[in-house]
Amino acid sequence: MLVAGDREEKPLAFLDSTATTQKPACVIDAMDDFYREHYSSVKRGVYRLSARTTEAFEAARKNVAKFLNAASEDEIVFTRGTTESINLVAWSYGRKFFDAGDEILISGLEHHANIVSWQIVAEMKGAKIKVIPVKDDGDLDLDALPGLLTARTKMVAVTHVSNAVGTVNPIAEIIAIVRANAPQAKILIDGAQSASHIKVDVQKLDCDFFVFSGHKIYGPTGVGVLYGKYAVLDSMPPWHGGGEMIKNVTFEKTTYADVPARFEAGTPAIAEVIGLGKAIEWLNRVGLDEIRQHESKLVEYALKRLAEIPQVKVLGNPKERGALLSVTLDGIAVSDAAMILDEENVAVRSGHHCAQPVMDRFGVDATLRLSFGAYTLERDIDRFVAGIQRVLRLFLGVEH
Ligand code: 7TS
């Protein structure tokens, strides 16, 4: 793949799949076909074209439900992404059920989306945020977890995989500890970095909410998922008002639609939902277990290659690692390194990865992050290593 507009470039080594994934042709084709041949709105007409679009839209919801092993497709709410899914729960569940003095427990590995959304509602309600600490290896300190859970814990919101360190959190164990120590607490799992890497069964996990983004699982931007247990979703008020989320409207009183329509006000991202459904079909065909195996081998290979360079320090050493590594370089700013890597057409993210508390925990401002997807090859990692070798030559005069 070339960077658009520059045909002279070296081929692109795309090592930023944690930010967003490239798209399989079937996803692009499905969206293109919808816009060219079948375009219409959903749930708004008796004419056949609209009925067929509604069918395709709802088929995608069924695909998502099956993908997560939800008990029913009514437990799947379409949102704009992980960020919006978390905000929906905070603004709907939090606004109704949090009181002054209640506690929201998150972890020290969260993306800002799973911090700030709770801070906003906590401030509004006088609730308190507590944090599960992170150990030096990048794993959560689960020995501290029971002590952090109290009768006031209303929500536990934890990421499945850290986007900054790569830690795979043992969410089944975390959920069991929460259920045993704070049975009144609801549990939200941020699956932004796990949904396209690790098979998830929400019924087996017994989480109340599971959220992810379409664009990180080989689907389009602009669409995401909120899974919620039906009874929990059904207890929640709407957060956006508008079309299709109502049963009846008068100027005096409005009654709301059932779940999930109650949470899907306005014309949805129809093509994106159809694209997401296709992405899930593609993932099912390729196989999540196969993808996980492939990515684990890449992680192993990257760790081995990076160990050859003493100036490269890998952030954390978690028991289980997702499809990413974060590194710093002795004596070189990661932003400088990222610029040189870009000259080599190696795309990696540098910065705090919207996880500033993680950077603070490890005493760094920023890292270089290399992350993998189903299409990543060892030679992409070789290109990264060669790029780093050039950086070391340029900045430190060091040869490897
Ligand atoms: N949660 C986690 C764990 C994430 O990694 C991200 C995005 C989000 C939530 C928010 O997802 P969004 O699709 O709503 O933006 N993480 C990243 C990243 O690491 N680089 O770019 C986006």
May I ask you to decide if [Y]'s main-chain N or O and [X]'s side chain share a donor-acceptor pair within less than 3.5 Å?
X: Arg48; Y: Ala51; answer: no
X: Asn163; Y: His353; answer: yes
X: Thr255; Y: Asn248; answer: yes
X: Asn169; Y: Ile171; answer: no
X: Lys216; Y: Thr18; answer: yes
X: Gln184; Y: Thr153; answer: yes
X: Tyr218; Y: Leu283; answer: no
X: Asp342; Y: Asn345; answer: no
X: Asp102; Y: Asp99; answer: yes
X: Asn87; Y: Thr83; answer: yes

If you look at every heavy atom in [X] and [Y], which pair is closest and at what distance?
X: Ser194; Y: Val200; answer: OG-CG2, 4.5 Å
X: Leu324; Y: Ser162; answer: CD2-O, 3.6 Å
X: Ile189; Y: Cys207; answer: CG1-CB, 3.9 Å
X: Arg361; Y: Asp136; answer: NH2-OD1, 2.7 Å
X: Val158; Y: Asn114; answer: N-ND2, 3.7 Å
X: Pro260; Y: Asp74; answer: CD-O, 3.6 Å

Starting at [atom1] of [X], measure out to [atom2] of [Y] and round the result to the nearest 0.5 Å.
X: Ser107; Y: Ile174; atom1: OG; atom2: CD1; value: 7.5 Å
X: His112; Y: Ile86; atom1: NE2; atom2: CD1; value: 12.5 Å
X: Arg349; Y: Ser17; atom1: CZ; atom2: OG; value: 13.5 Å
X: Asp258; Y: Phe263; atom1: CG; atom2: CZ; value: 10.5 Å
X: Leu368; Y: Thr328; atom1: CG; atom2: OG1; value: 8.5 Å

[X]: which other cluster members, linking ILVMFWY side chains closer than 4.5 Å, directly or transitively?
X: Met245; value: Ile246, Val249, Tyr256
X: Met31; value: Val27
X: Leu49; value: Tyr47

| Do Arg305 and Glu308 meet the salt-bridge criterion of a basic N to acidic O distance under 4.0 Å? | yes
| field | Note: Asp137-Lys319 ion pair, threshold 4.0 Å (strictly below) | value | no
| task | Could you tell me whether His197 and His294 have their ring centroids closer than 6.0 angstrom? | result | no
Listed partners of [X] passing side-chain hydrogen bond (donor to acceptor under 3.5 Å, both in side chains), at least two apart:
X: Glu320; answer: Arg292
X: Glu290; answer: none
X: Lys43; answer: Glu58

Beyond-backbone contact of [X] with [Y], side-chain heavy atoms, under 4.5 angstrom:
X: Ile115; Y: Pro357; value: yes
X: Val334; Y: Met339; value: no
X: Asp382; Y: Phe384; value: no
X: Ile106; Y: Ile132; value: no
X: Leu377; Y: Phe372; value: no
X: Leu288; Y: Ile198; value: no
X: Lys23; Y: His215; value: yes
X: Lys186; Y: Lys154; value: no

| Taking it one step at a time, do Ser85 and Thr79 satisfy side chain to side chain donor-acceptor pair (under 3.5 Å)? | CA-CA 6 Å; Ser85 297; Thr79 64; 2.8 Å; yes
Side-chain atoms of residues 231-242: list all donor-acceptor pairs with protein atoms under 3.5 Å, sequence neighbours left out, distances to 0.1 Å.
from	atom 1	to	atom 2	distance (Å)
Asp234	OD1	Arg262	NH2	3.0
Ser235	OG	Val232	O	2.6

| Quick one: ring-ring contact (aromatic ring centres under 6.0 Å, His included) partners of Tyr93, sequence neighbours excluded? | Phe97
Hydrophobic clusters here meaning ILVMFWY residues chained together by side-chain heavy-atom distances under 4.5 Å, can you tell me if [X] and [Y] are in one?
X: Ile381; Y: Ile388; value: yes
X: Leu325; Y: Val168; value: no
X: Val327; Y: Leu394; value: yes
X: Leu329; Y: Phe362; value: no
X: Ile217; Y: Val286; value: yes

| said: Quick one, His111 with Asp190, criterion side chain to side chain donor-acceptor pair (under 3.5 Å). Give me CA distance, side-chain angles, the key distance, then yes/no. | reply: CA-CA 9 Å; His111 182 279; Asp190 176 349; 5.8 Å; no
Hey, is [atom1] on [X] packed in by over 12 heavy atoms from elsewhere, all under 6.0 Å?
X: Trp91; atom1: CH2; result: no
X: Lys199; atom1: NZ; result: yes
X: Lys128; atom1: NZ; result: no

| message | Consider side-chain contact (heavy atoms from CB on, under 4.5 Å). Of Val77, Leu88, Val89, which one does Phe209 pass it with? | response | Val89
List the atom pairs, donor and acceptor, that lie under 3.5 Å between side-chain atoms in residues 140-151 and the rest of the protein, sequence neighbours left out.
from	atom 1	to	atom 2	distance (Å)
Asp141	OD1	Asp143	N	3.2
Thr150	OG1	Glu103	OE1	2.8
Thr150	OG1	Arg152	N	2.9

Could you give the side-chain donor-acceptor pairs of residues 264-278 under 3.5 Å, partners two or more places apart or in another chain?
from	atom 1	to	atom 2	distance (Å)
Glu264	OE1	Arg61	NH2	3.1
Glu264	OE2	Arg61	NH1	2.9
Glu264	OE2	Phe78	N	2.6
Lys278	NZ	Glu281	OE1	3.1

Please set out all donor-acceptor pairs under 3.5 angstrom arising from side-chain atoms of residues 219-230, sequence neighbours excluded.
from	atom 1	to	atom 2	distance (Å)
Lys229	NZ	Asp206	OD1	2.6

| What ring-ring contact (aromatic ring centres under 6.0 Å, His included) pairs are there with at least one residue in residues 146-190, not counting sequence neighbours? | none
